Amino acid sequence: MKRLEQEPTMVEEPKKTKYDRQLRIWGELGQTSLETASICLLNCGPTGSEALKNLVLGGIGSITIVDGSKVQIGDLGNNFMVDAKSVGQSKAKCVCGFLQELNDAVKANFIEENPDTLILKDPSFFSQFTLVVATQLVEDSMVKLDRICREANVMLVFARSYGLTGFVRISVKEHTAIESKPDHFLDDLRLNNPWPELKRFVETIDLNVAEPAAHKHIPYIVILVKVAEEWAQTHNSNLPSTREEKNEFKALVKSKMLSPDEDNYREATEAAFKVFAPRGISQDTQDIINDSCAEVGPNSSDFWLMVAALKEFISNEGGGEVPLEGSIPDMTSSTEHYINLQNIYYSKAEADFLSMEQRVKDILVKVGQDPSSISKPTIKSFCKNARKLKVCRYRMIEDEFRTPSVAALHKCLADEEYRSAIGFYILLRAVDRFAATYQKFPGQLDDGLMDHDVAQLKTIALSLLREMGCDGYMVEEELSNEMCRFGAAELHVVAAFIGGITSQEVIKLITKQFVPMSGTYIFNGIDHKSQSLTL
Amino acid sequence: MADHDVPQSKSRDLDKLLLRHGNLVDPGFFPGPQLRNDIREFVKILVVGAGGLGCELLKDLALSGFRNLDVIDMDRIEVTNLNRQFLFRLEDVGKPKAEVAAKRVMERVSGVEIVPHFSRIEDKEVDFYNDFNIIALGLDSMEARKYINGIACGFLEYNEDDAPVRDTIKPMVDGGTEGFKGHARVIMPGVTPCFECTIWLFPPQVKFPLCTLAETPRNAAHCIEYAHLIKWDEVHKGRSFDPDVPEHMKWVYDEAIRRAELFGIPGVTYSLTQGVVKNIIPAIASTNAIISAACALETLKIVSACSKTLTNYLTYNGGEGLYTKVTDFPRLDDCLVCGPGILIELDTSITLSKFIEMLEDHPKLLLSKASVTYGESNLYMQAPPVLEEMLRENLSKPLYDLMGRVQKDTIHVTGTSLKDKEKQSIQTKLRVVFKGADVVTDMDTAIGA
């Protein structure tokens, strides 16, 4: 039985070849979503410029740079996208020109305008974009922009570089990912719960076949299903649960081995834990189907509509399980056995998919939508990834500022590993308050007021801590001093790091593949013990 | 909010780090214009590799106050580089990476001098590498890393107390990426673990068992490797397979399809064929940018002491959320590469020739046809013939005398070693200790010391 897939065209289009190395990561679909996205960048200092550079190289659809400043001599020391000729000119114009050269397939525009002003005067400007990358904004502007983007359903990523620290923070109401592509994820073999067709196939194979070559080419799936069956018969239909029983089970598997070079039996022993695994769905899957969004209505997104179908499937024909993923890992086996097994898994996955497809259609009708509005490939992908679905939700910035999780704060402040990160988090907010009062960042100028700035910054940090319900805590002296030393410097290497992280998150948000970061990522360039804080 | 009255300097932002006192800094931090100027004038950094990491490194270093950079890369630009190696354009395809990279950065950052080297790292004299304060690696292979690591650690000397001699420490900053993952590390030979000390970090490459390829293929990769590793040689006796020749790749692809059809295996595509045969590592701009930035930042910190340094290994994963971890890996005291060397105890009467014989049988070495150097001098060289003839008389002299009658010291031997049934040319350090020697000794008869 053969199932050969369609061979995609072998013609090497230059565009396809250029993106080859990244297509191997997010595929054609991911690439298309990037190429149809429009990004707005606020402030094109090195942080914003570097973030955008990575997106432009990757083929993002369009970029619009908003920055009202002119190129200064100091910019030549930290921004690769401006050069000596650009001094005095619009920074947005220069950065835009450089980025356009990097990839002429990208539509690059710029607007010479101060982002803070734009946020105040023309909030509707942002509705046209897929995503806004807001760099080097102060608190006040961050909060305002956050409201605007939340309202307009535009994705938002904040990024800031400040001396040897900085942060990245996504702000999106909800982000769902079907293709979360986790690094390590257990295969879906159902050795602890084989279905009838698999059992029937396993029955046709005799473990005690005489011929040595045949004996050592029986795949471990067959071995384990058979031994589990044997075990269940003598243990009241139960699977091994205690440690003792698990060891006994493994010994039983081993006892069928004829000689030490039988890799299939070695694999079976190593994979025996798959038999002991509890049946049914994981807590993560449970949480998703129990989410309030799974109670769907006419405005529900495709993701939640499919989750509603999943919920039904699990309680009915799924028998407590999600649709079968359908693939099996490589294992020692004769080609024939292996292909037969592949077909059996493929067939069940296909059958599960067809059930799901019907349920999705029925639900679409129920909520008053076109039953064909969710495509077959989408539903198929959903089924294959049913165990790996991800839902990410982000608090609004003002909510986090107003009511941070006191429990999380106390935990961080008391934890050696988190203390510097939370220290910088507070200081990054404190410097903005300082600037609002003194029209400069602490230590920014060589005006002989360093001691004053340090003292004031510490006072502000203390009052912030008090506001956040953390009386009695202090930000480490050294950190406060360093913050003033940094003097709001935008160092290229830090900007490149932060910009790199930012661009990576943007890609994950737009392609809806992999899993975006959670919380606020606080960068620590001193010892690299950066942390994500969810407050 | 800039100060408009004071004329600006290009190093407006860097100055905050280099000219101001700090709290969380390394000992030996002397902030001031002198430090900034010294870095500009005297510090030389070598960037190894001008690809995904190398391009970013050059930019990052040029914008971190470094003015004297060298870059070495043996490759030419290919179209598949363009999604991340931002210094290259479509019209540059075919040109040497090192040369174009150097040119582009110099065009944009005035004042920086970058010397490109379009060559293999093995083709440079060992002395070349000693010229630099720090070596920054943007490589994509274990072999290349091992090589540079060997060279840098080769400069390291130990004193009588078995402590590394500070002036001989050649720091390396090493970065690596794959998809959303990466690492950045600081290697101070003799102080932090070198590449060899932590070789166990790198998992062995996937190699399919021969019987699977030959008899029981199960997936597309098996079919491809069958065509690539078995069928090719059968059909093209003598002619070696070149993955960069499209006709070769197409041949492998066609054979793989044939085999797949025979066994009923799905999934062989041209793209997969290329990926398996060339061992293509997926790569994107963002991860390279992140890792290079970390490496360049560490380079700046090591040189200036303006902040504490990474201790000593940063693991990065940006696919599942965002994960960074710093691990302080320990050194291996008896590391063959960065350690003081394999201890060899000798009698003072042993001749150089007997010593060379002993190396053949030494279980950790199995070194044949050894050449021996001590400090600056060659004690015996197997080649070239002229040198061999000149030094031949040393063979009959006691090694103790040839080493100036020191009780213990480091010597270097080069030769052919039989490792894993394969002959390899290696250079290694040996710690020679003479038994029954006077500690306070005839130093004044030292040869070549």
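Lettering follows sequence order; numbering is per chain, from 1. Just so it is clear, the model here is predicted, and its values are computed rather than measured.
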Of all of A:Lys529, A:Glu505, A:Glu490, A:Gln513, which one pairs up most often with chain B through heavy atoms under 4.5 Å apart? A:Glu490

Segment of A:Tyr438 engaging chain B (4.5 angstrom heavy-atom cut-off): neither

Most contact-rich option vs chain A, by heavy-atom pairs under 4.5 angstrom, among B:Thr324, B:Val25, B:Thr311, is B:Thr324

Counting heavy-atom pairs closer than 4.5 Å to chain A, which one of B:Ala184, B:Pro217, B:Pro246, B:Pro209 comes out on top? B:Pro217

Which residue out of B:Ser286, B:Ala220, B:Ala285 racks up the most heavy-atom pairs below 4.5 Å with chain A? B:Ser286

Quick one, A:Met81 and A:Cys94 - any side-chain contact, counting heavy atoms below 4.5 Å? no

Pick whichever of A:Thr502, A:Thr332, A:Val168 has the most heavy-atom pairs under 4.5 Å with chain B. A:Thr332

Output the option from A:Leu164, A:Asn103, A:Leu479, A:Val56 having the highest count of non-hydrogen pairs under 4.5 Å with chain B. A:Leu164

Side-chain donor or acceptor of A:Gln531 paired with backbone N/O of A:Ile522 under 3.5 Å: no

Do A:His217 and A:His337 come within less than 4.5 Å of each other through their side chains, counting heavy atoms only? no

Heavy-atom pairs under 4.5 Å with chain A are the metric here; pick the option from B:Ala294, B:Cys295, B:Gly111, B:Ala62 that has the most. B:Ala294

Structural part of A:Asp527 lying under 4.5 Å from a heavy atom of chain B: backbone

Using a 6.0 Å cut-off, check whether atom NZ of B:Lys325 has over 12 heavy atoms from anything other than its own residue. no

Considering only heavy atoms, which portion of B:Thr80 lies under 4.5 Å from any heavy atom of chain A: side chain, backbone, both, or neither? both

Which atoms of B:Cys211 approach chain A - backbone, side chain, both or neither, heavy atom under 4.5 Å: neither

Heavy-atom neighbours of A:Lys390 NZ exceed 12 at 6.0 Å: no

I'd like to know if the side chain of B:Arg259 and the backbone of B:His222 have a donor-acceptor N/O pair within less than 3.5 Å. no

Under 4.5 Å heavy-atom distance to chain A, tell me which part of B:His21 shows up: side chain, backbone, both or neither. backbone

Over 12 foreign heavy atoms within 6.0 Å of CG, A:Asp83: yes

So which part of A:Met331 gets closer than 4.5 Å to some heavy atom of chain B, the side chain, the backbone, both or neither? backbone

Picking from A:Gly519, A:Gly499, A:Gly443, A:Ser518, which has the most non-hydrogen pairs under 4.5 angstrom with chain B? A:Gly443

Heavy-atom distance under 4.5 Å to chain A: side chain of B:Phe88, backbone, both or neither? neither

Using only atom types and a distance under 3.5 Å, with no angle test, would you say the side chain of A:Ser180 pairs donor to acceptor with the backbone of A:Lys388? yes

Given a strict heavy-atom distance threshold of 4.5 Å, which part of B:Glu298 is in contact with chain A: side chain, backbone, both, or neither? side chain

Pick one of side chain, backbone, both or neither for B:Arg218, based on which atoms fall under 4.5 Å of a heavy atom in chain A. both

Between B:Gly179, B:Gly275, B:Ser110, B:Ala221, which residue shows the highest count of heavy-atom pairs closer than 4.5 Å to chain A? B:Gly275

Using modelled atom types and a 3.5 Å cut-off, is there a donor and acceptor pairing between side-chain atoms of A:Asn78 and backbone atoms of A:Leu491? no

Taking NZ, NE, NH1 and NH2 as the nitrogens, is one of them in A:Asp446 or B:Arg20 under 4.0 Å from a carboxylate oxygen of the other? yes

Under 4.5 Å from any heavy atom of chain A - which part of B:Ile280: side chain

Which bit of B:Leu14 is near chain A, if near means a heavy-atom gap under 4.5 Å: side chain, backbone, both or neither? both

Honestly, the part of B:Leu300 sitting under 4.5 Å from a heavy atom of chain A is neither

For residues A:Ile507 and A:Gln22, determine if any side-chain heavy atom of one lies less than 4.5 Å from a side-chain heavy atom of the other. no

Out of A:Ala489, A:Pro516, A:Ala51, which one racks up the most heavy-atom pairs below 4.5 Å with chain B? A:Ala489

Classify the ring geometry between A:Trp26 and B:Phe180 as parallel (under 30°), tilted (30 to 60°) or perpendicular (over 60°). tilted

Engaged part of A:Cys392 at the chain B interface, taking heavy atoms whose separation is under 4.5 Å: neither

Max heavy-atom pairs within cutoff under 4.5 Å with chain B, candidates A:Tyr338, A:Tyr521, A:Phe80, goes to A:Phe80

Pairing donors with acceptors under 3.5 angstrom, does anything connect the side chains of B:Ser11 and B:Asp15? yes

Would you please classify the geometry between the A:Phe497 ring and the A:His528 ring as parallel, tilted or perpendicular, with 30° and 60° separating the classes? tilted

